[in-house]
Amino acid sequence: MSRLIFTFIALFSLAGCVNLNSVSLTQIPDDRSNLISAEAHDWLFLGLTSNNDFVDEAIDNLKSKCEGGKLQGILTKHQTTAYLLVFKREVIASGYCHKA
Amino acid sequence: MYKLMLMSAILLLGACARVDYVQLGDIDQSQGQLTPISVKVSQFAIEMAAVAEVGRHVATNSAARSQSQEIRDLLALINMGPRTGNPVFDDTYAENILDQLYQQCPSGNITGIRNIREAKTYGPVSGEIVRIDAFCIQSGN
Amino acid sequence: MKRLILTAVLSSLMLALGGCTHSVHMVNTNGFGDVMPKGSTTQYIEARSEQVVVFGFVFDVDYVDEAHTRLLNQCDGNIRAVSTQFSTSHGFLHWTNKILMKGICEQPSA
C-alpha cells in the first residue's frame, strides 16, 4: 500500500499542473514567413524568489533572434507549472521577424 | 442583530479598490494632438461562499452555524477554478471593448493604451472592472 | 430531517445565485498604431478556444496557440486592433479556461 502511495506521489510530482497567468498578442503582419520564438524560465522552491529576471531573459532571447529586423505579432504566454514543492515559471514568446 | 450591524459597518467602511493587471502600450506623440478616451465595463460580483461564511459568524444558534458552513463548503465545490477577484455571473461583459474604443475614436488611430483589470470591492461584493484608457490621435488632416 | 431539507433549499437558492460563475482574468488590446489605409477592406474576426480542467490536473496551455492559429487562419493580411481575453468558467469539481482573440483583418481591395 505504501509503495502504491509512493508511486502516486512520485508520478504527480513529476507531472506538474500548469496554470496560465497571462496571455497577450500584438498586431499581426501580413508577411508571416519568418516565425521565431523564445522561452525563459526559472525554478522556485516553495514559491520563494527574490527576482523576476527570467522575464528580461525571454525578451533578450527573442530580440537576439531578429537583430536589425522588425518583430510583430508577438504572442506572449506567462505560465507556472506546479510540481511537488517546486514551481517552474515560464515566459514563452513567439513573433514574426521581418528584415528589410 | 448587533453582530449583523457591526459586520455591515465593517464591510461598508472596508470599501477598497483592487488592481490585478496593468499593461501600457506604445505612446506616439509625434502625429498630432492626443485626446484621452476611455472604455470601462463592469460586472456585479459576489462571493457567495464568503456570504455563507459571514452567515456562519452572525448565526445565533449552532444549527444555523452548521448549516451556513455546509452551504459554504458546497458552494466552494460547485464553483471551483482559478479566479481573479470575485466571480461574476456573465463572462461576456468585456467582449465588445474593441467596438466601444472605435466609437470613441473612429479614425482608429489610437496610442498610449493602458489595459487595466481592477475592481471596487465591498467585502464579499464587488464591481469587477475591465478598463481601457488610451489617447486618440487628432492628426488634423 | 427538517434541517436537511432546509439546507437543501438554501443550497439550491445559493446554487441558483452562485452557480455558473465566471472570472475574467485579463483583457489585453494592442495594434491601433496607424490610420487604416484608404482603399483597403476591413473585417472583424474572432477566435475562441477552451480547455476543460478536472480536479486541477492540466499539463499544457496549448489552447492559447489553438485560438491564435484560428485567428491567423481567418486572415491573410494584417490583423490590427487585436484584443485577447482570458477567463475561467467555474463548475463542480472542474472548470473551463477560455481564450477569446479578436481583431480587424485588413486586406488591400482588389
Side-chain angles (χ1 to χ4, degrees), chain B residues 20-21 23 25-26 28 31 39 41 43 45-49 51-52 63-64 66-68 70-72 74-75 77-99 101-102 105 107-111 113 115-117 128 130-132 134 136-137 139, chain C residues 2-4 6-37 42 44 46 48 52-56 58 80-98 100-104 106:
Chain B
D20 300 302
Y21 175 85
Q23 193 189 28
D26 297 342
D28 183 358
Q31 289 188 56
V39 173
V41 289
Q43 179 81 8
I46 183 164
E47 181 52 278
M48 297 303 276
V51 173
S66 155
Q67 237 162 28
S68 299
E70 280 162 15
I71 291 169
R72 186 201 62 185
L74 184 76
L75 284 167
L77 278 178
I78 61 169
N79 287 321
M80 264 192 166
R83 50 185 63 182
T84 300
N86 288 333
V88 295
F89 301 101
D90 172 23
D91 63 347
T92 60
Y93 70 99
E95 285 191 3
N96 293 320
I97 273 185
L98 212 60
D99 307 342
L101 263 181
Y102 268 109
C105 185
S107 70
N109 201 0
I110 297 168
T111 190
I113 297 174
N115 298 289
I116 302 157
R117 175 69 179 84
E128 298 296 323
V130 174
R131 180 159 58 98
I132 312 288
C136 181
I137 302 174
S139 50
Chain C
K2 196 180 148 195
R3 214 185 113 222
L4 196 72
L6 192 66
T7 307
V9 169
L10 277 173
S11 300
S12 311
L13 191 72
M14 295 286 264
L15 223 151
L17 290 169
C20 307
T21 61
H22 314 269
S23 193
V24 175
H25 306 298
M26 51 154 290
V27 177
N28 186 276
T29 52
N30 202 295
F32 289 86
D34 315 294
V35 183
M36 211 75 83
T42 57
Y44 270 105
E46 68 172 58
R48 291 168 196 264
V52 178
V53 181
V54 181
F55 286 116
V58 55
R80 348 172 347 120
V82 184
S83 77
T84 317
Q85 179 179 303
F86 169 38
S87 64
T88 300
S89 294
H90 307 124
F92 180 66
L93 300 178
H94 80 286
W95 61 86
T96 309
N97 292 323
K98 294 177 179 176
L100 166 65
M101 287 176 179
K102 280 183 165 190
I104 294 175
E106 174 194 296

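Naming convention: chains lettered A, B, ... in sequence-line order (proteins, then strands); numbering from 1 in each chain. What you see below is based on every heavy atom in this structure, not just the backbone, and it leaves out hydrogens, waters and symmetry mates.
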* Select, from Ala134(B), Cys105(B), Ala45(B), Pro82(B), the one with the greatest count of heavy-atom pairs under 4.5 Å involving chain C. => Pro82(B)
* Structure fact -> Applying a strict 4.5 Å limit to non-hydrogen atoms, the region of Val24(C) in contact with chain B is both
* Check whether Ile97(B) gets within reach of chain C through its side chain, its backbone, both or neither, counting any heavy atom under 4.5 Å. => side chain
* Segment of Asp99(B) engaging chain C (4.5 angstrom heavy-atom cut-off) -> both
* To do: Over all heavy atoms of both residues, which pair between Pro87(B) and Thr21(C) is shortest? Give the atoms and the distance, please.
  => CB-CB, 3.4 Å
* Heavy-atom distances under 4.5 Å only: say whether Thr29(C) touches chain B with side chain, backbone, both or neither. => both
* Asked: By a 4.5 Å heavy-atom criterion (distance strictly below it), what part of Asp26(B) contacts chain C: side chain, backbone, both, or neither?
  -> neither
* With a 4.5 angstrom heavy-atom cut-off, which part of Val130(B) approaches chain C: side chain, backbone, both or neither? -> side chain
* Asked: Taking all atoms of both residues into account, what is the closest heavy-atom pair of Arg117(B) and His25(C), and its distance?
  -> CG-O, 3.3 Å
* Interchain contact, Leu93(C) with chain B, by part (heavy-atom threshold 4.5 Å) -> both
* For Trp95(C) and Met80(B), which heavy atoms make the closest approach, and how far apart are they? -> CB-O, 3.3 Å
* Report the C-alpha separation of Leu77(B) and Phe92(C) in whole Å, then their side-chain angles, then the decisive distance to 0.1 Å, and conclude whether the side-chain contact (heavy atoms from CB on, under 4.5 Å) test is met. => CA-CA 6 Å; Leu77(B) 278 178; Phe92(C) 180 66; 4.0 Å; yes
* **Nearest heavy-atom neighbours spanning Asp91(B) and Gln85(C)** => O-NE2, 3.4 Å
* Asked: Which atoms form the tightest heavy-atom contact between Cys20(C) and Asn79(B), and what is the distance?
  -> N-OD1, 4.0 Å
* Checking heavy atoms, do the side chain of Glu95(B), its backbone, both or neither come under 4.5 Å from chain C? -> both
* Structure fact -> Turns out that what part of Glu128(B) lies under 4.5 Å from chain C's heavy atoms comes down to neither
* **Contact leader toward chain C among Gly25(B), Gly81(B), Gly85(B), where contacts are heavy-atom pairs under 4.5 Å** => Gly81(B)
* Structure fact -> Per side-chain contact (heavy atoms from CB on, under 4.5 Å), Phe32(C) is matched among Ile137(B), Asn109(B), Leu101(B), Thr111(B) by Leu101(B)
* Structure fact -> Correct closest heavy-atom pair for Val27(C) and Ala94(B) would be CG2-CB, 4.0 Å
